[in-house]
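To start, the structure under review is shown below, and the notes come after it.
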Amino acid sequence: LFVMITIIYQKRKLLGERIIVFNVARFLLIPSLIIYLSCDKILGISEELTSMKALASIITMAFASILFSVINHLVLSKNNPFTNKELMPKLGIDVIHVLFIILCSTFVFSDIWGLNLANLLTALGVGSLVIGLALQEPLGNLFNGIALLMATPFDKGDWVKIDGEVGKAVEINWRSVKIHTRFNEEIIIIIPNNMLAKEKIINLSRPNSIFAELIKFSFSYDDPPEKVKKILVHVALKNQNVLNEPAPHAYTLDYDDYSISYGLKIYVKDYEDTVILTDEIVSHVYHAAAEGGITMPFPKQEIEITGLWT
């Protein structure tokens with residue numbers, strides 16, 4: 001078993017893949033198991049000795065760690081061989097990991113060390129009140145994170161708008177949600193789960209990734225609205241990144257002091273494309289307006305001065 005794991009370890013190391021679980025098996029689980037079986041089966045040392053119980057505890061926890069890592073890789077991780085995508089956010093995996101550790105620890109204390117966990121649970125119940133008061137904010141973040149995981153208002157990779165901030169969700173953990181900003185991916189905004197539970201969350205990537213954007217323009221009162229809207233739609237249809245279905249549409253929005261306001265509604269495949277696409281549309285509309293003979297006015301103000309002059 002040691003030789004087989006060593007061979008797998010060397011191959012995964014050359015591929016640059018994770019090798020922690022194999023180190024745990026090579027240097028902790030297998031040596032402890034060899035020592036324990038030698039003492040028990042060959043030397044006949046009693047299993048009731050403290051050293052033997054310690055060895056059994058190490059073997060159990062190391063095996064549990066390896067087992068969880070294997071399950072995580074095969075089922076939960078984004079590299080799992082069945083779906084090749086992340087089935088559960090990091091927060092959910094962390095919660096399952098903690099519950100798994102608690103379950104294994106319970107087995108170690110009760111079965112190996114022979115402890116009466118009923119008295120221990122009673123003591124923990126009293127101590128948990130003090131701990132709960134001292135850790136209100138972290139525990140609030142944890143349980144709000146679990147509630148967020150169950151509600152799944154967004155997944156990793158979705159574009160969201162939270163508390164006026166727009167960005168892509170890159171991590172969901174027990175304490176907070178991390179998002180990349182829209183204009184600078186080097187900046188990460190960290191939003192605590194407590195705050196997240198109180199804010200309105202707008203998911204810009206659901207129910208599908210198609211996103212509608214309304215781009216506003218202003219044109220002169222001298223230009224017929226039908227002509228302006230026709231030019232706007234024509235510019236949108238010429239752009240390859242604008243979807244033809246649903247089709248772009250132009251609207252007359254308002255009559256302002258010095259111009260008429262129009263809106264060009266376009267549809268794109270992903271919210272991430274809207275910044276570059278808006279720049280392209282606005283630039284092309286400028287040239288199309290010049291070619292079509294329509295005017296994009298700027299504010300004007302006429303001042304009339306009356307009075308007596310000497």
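Computed from a predicted structure; not experimentally measured.
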Do [X] and [Y] belong to the same hydrophobic cluster, where Ile, Leu, Val, Met, Phe, Trp and Tyr are linked whenever their side-chain heavy atoms lie under 4.5 Å apart, directly or via other members?
| X | Y | answer |
| --- | --- | --- |
| I162 | M195 | yes |
| Y286 | V228 | yes |
| I215 | L253 | no |
| V242 | F211 | yes |
| V285 | V233 | no |

Next item on the list: Could you note down all residue pairs passing salt bridge (Lys or Arg N to Asp or Glu O under 4.0 Å) where residues 255-266 supplies at least one of them, sequence neighbours left out?
Entry: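 Residue pairs passing salt bridge (Lys or Arg N to Asp or Glu O under 4.0 Å), neighbours aside: none found.
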Checklist line | Qualifying salt bridge (Lys or Arg N to Asp or Glu O under 4.0 Å) pairs with a residue from residues 207-235, counting only residues at least two apart or across chains | finding: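 The answer is none; no pair qualifies.
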Next item on the list: Taking all non-hydrogen atoms of both residues into account, name the closest pair between G292 and I231 and its distance.
Entry: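 Heavy-atom minimum between the residues: CA-CD1, 4.3 Å.
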Margin query: Testing the basics here: between T295 and P297, what is the closest heavy-atom pair and its distance to 0.1 Å?
Written below: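 Heavy atoms only, the tightest pair is O-CD, 3.2 Å.
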Tell me, do [X] and [Y] make a side-chain contact under 4.5 Å, heavy atoms counted?
| X | Y | answer |
| --- | --- | --- |
| L214 | L264 | no |
| F219 | I260 | no |
| S218 | Y258 | no |
| D158 | D155 | yes |
| Y221 | Y255 | yes |
| F154 | V177 | yes |
| V160 | I202 | no |

Would you give the length of the straight line joining atom [atom1] of [X] to atom [atom2] of [Y], rounded to the nearest 0.5 angstrom?
| X | Y | atom1 | atom2 | value |
| --- | --- | --- | --- | --- |
| T181 | E165 | OG1 | CD | 8.5 Å |
| L49 | L55 | CG | CG | 10.5 Å |
| E47 | M52 | CD | CE | 6.0 Å |
| K161 | I201 | NZ | CD1 | 13.5 Å |
| S220 | M296 | OG | CE | 11.5 Å |
| L29 | S65 | CG | OG | 9.5 Å |

Margin query: Starting from Y267 and following side-chain heavy-atom contacts under 4.5 Å between hydrophobic residues (I, L, V, M, F, W, Y), which residues can be reached?
Written below: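 Hydrophobic cluster check, Y267: joined to I210, L243.
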Item checked: Remaining members of the apolar cluster that contains I102, side-chain heavy atoms under 4.5 Å ->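 Via sub-4.5 Å side-chain contacts, I102 links to V98.
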Which residues satisfy the side chain to side chain contact (heavy atoms under 4.5 Å, CB included) test with [X], sequence neighbours excluded?
| X | value |
| --- | --- |
| D111 | F107 |
| S105 | M61, I101, F109 |
| A290 | none |

Next item on the list: For K53, enumerate each residue passing the salt bridge (charged side-chain N to carboxylate O under 4.0 Å, His left out) test, keeping only those at least two apart in sequence or located in another chain.
Entry: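 With neighbours one apart ignored, the set is E48.
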Notebook entry, point to check: Which residues pass the salt bridge (charged side-chain N to carboxylate O under 4.0 Å, His left out) test with E171, sequence neighbours left out?
Noted result: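 E171: salt bridge (charged side-chain N to carboxylate O under 4.0 Å, His left out) contacts with K178.
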Margin query: Checking the side chain of N173 only, and the main-chain atoms of S176 only, is there a donor and an acceptor separated by less than 3.5 Å?
Written below: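 Yes: the side chain of N173 pairs with the backbone of S176.
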Next item on the list: Please answer whether the main-chain N or O of W159 pairs with a side-chain N or O of S205 as donor and acceptor at a distance below 3.5 Å.
Entry: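 Confirmed, S205 side chain pairs with W159 backbone.
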If you look only at distance, which donor and acceptor atoms sit under 3.5 Å apart when one is on a side chain in residues 275-284 and the other is two or more places apart or in another chain?
from : atom 1 : to   : atom 2 : distance (Å)
T278 : OG1    : T274 : O      : 2.7
E280 : OE1    : N239 : ND2    : 2.9
S283 : OG     : D279 : O      : 2.9
H284 : ND1    : E280 : O      : 3.3

Next item on the list: For Y251, enumerate each residue passing the ring pair (Phe, Tyr, Trp, His ring centres under 6.0 Å) test, keeping only those at least two apart in sequence or located in another chain.
Entry: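 Ring pair (Phe, Tyr, Trp, His ring centres under 6.0 Å) check on Y251 returns H249.
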Notebook entry, point to check: Can you check side chain to side chain contact (heavy atoms under 4.5 Å, CB included) on N244 and L237, steps first, answer last?
Noted result: CA-CA 7 Å; N244 293 327; L237 290 174; 3.7 Å; yes
Item checked: Heavy atoms from other residues, nucleotides or ligands near NE2 of H234 exceed 12 (cutoff 6.0 Å) ->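 No - once you tally the heavy atoms of other residues, nucleotides and ligands closer than 6.0 Å, there are 12 at most.
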Next item on the list: Would you check if there is a donor-acceptor pair between the side chains of D273 and N241 at a distance under 3.5 Å?
Entry: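 Absent: no donor and acceptor within the cut-off.
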Which atom pairs, donor and acceptor, lie under 3.5 Å between side-chain atoms of residues 31-44 and protein residues at least two apart or in another chain?
from : atom 1 : to  : atom 2 : distance (Å)
S32  : OG     : L28 : O      : 2.7
S38  : OG     : I34 : O      : 2.7

